[in-house]
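To start, the structure itself, in structure tokens.
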Amino acid sequence: MKKILATTTLALALAGGAQAATVVNGGFDGDFMGQFATLGNGSTTIGGWTVGGTSVDWINAYWQAADADGHSVDLSGGGPGSVSQVLTGLVSNMVYKVSFYLAGNPDQGGTKYINVQAAGASQIVYSFNNDGSNSKAAMGWVKRTYTFTATGPTATLSFSSLNNSAYGPALDNVSIAAVPVPAAGLLLGGVLGGLAALRRRKRA
Ligand SMILES: [Ca+2]
């Protein structure tokens, strides 16, 4: 059993060391206290994030946030926009899971589409059906995850609206965690190795 315990400790240490990657201001918090502010291409007004595309609306009191800070974004400001940031602290070949909360601007019904990509990895489009049951007071936020494999220590993570209107997908509460695949593999290997050793001992 000693060997298995040692392997477990090593696996946990590897998993812990690989979790240095963080999303800066994943809640889109800030000192903006109005209803909403339209931020154009290139804006860095929201700490940690850069606006791309046409523009986004930085939301405060206008609707319910997914988290406690009160702020979120509508990725279609005057037209389809995006927010992005450079993730740091990644480990090459490590798998990461980005979690985020998705809803849609309830001022216009229909389906909202958001494209998520870590540069160099696959783009994935997620949708949110604004079927009329949601409101500014009850946005119907849902948690979604995007998984990618790091190709180096940094990667630009972007969220883009595919709604060509002023009523886009709403985004909040972005976070990242390393997926402990190598650790799980080591742990499983250790357990299987231990079982094989026990079987060999029994046979002997
Ligand atoms: Ca927030």
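Numbering starts at 1 and runs along the sequence shown. Scope of the values below: all heavy atoms of this structure, side chains included, with no hydrogens, waters or symmetry mates. Start at 1 and go down the list; that is how both ligands and their atoms are numbered.
- Applying side-chain contact (heavy atoms from CB on, under 4.5 Å) to Leu39 and the options Asp57, Ile46, Val83, Thr44 leaves one that passes, Ile46.
- Around the Ca ion (ligand 1), protein N, O or S atoms at a distance under 3.0 Å total 8; waters are neither shown nor counted.
- In this structure, Lys136 forms a cation-pi arrangement with Tyr62, its terminal cationic atom sitting closer than 6.0 Å to the ring centre and no more than 45° off the ring axis.
- When side chains are defined from C-beta on, Thr111 does not count as touching Phe128, because their heavy atoms never get closer than 4.5 Å.
- Of the listed residues (Trp49, Phe159, Trp58), just one forms a side-chain contact (heavy atoms from CB on, under 4.5 Å) with Val73, and that residue is Trp58.
- In this structure, Tyr167 places its OH atom where only 12 or fewer heavy-atom neighbours from other residues, nucleotides or ligands lie under 6.0 Å away.
- The aromatic ring centres of Phe100 and Tyr126 sit less than 6.0 Å apart.
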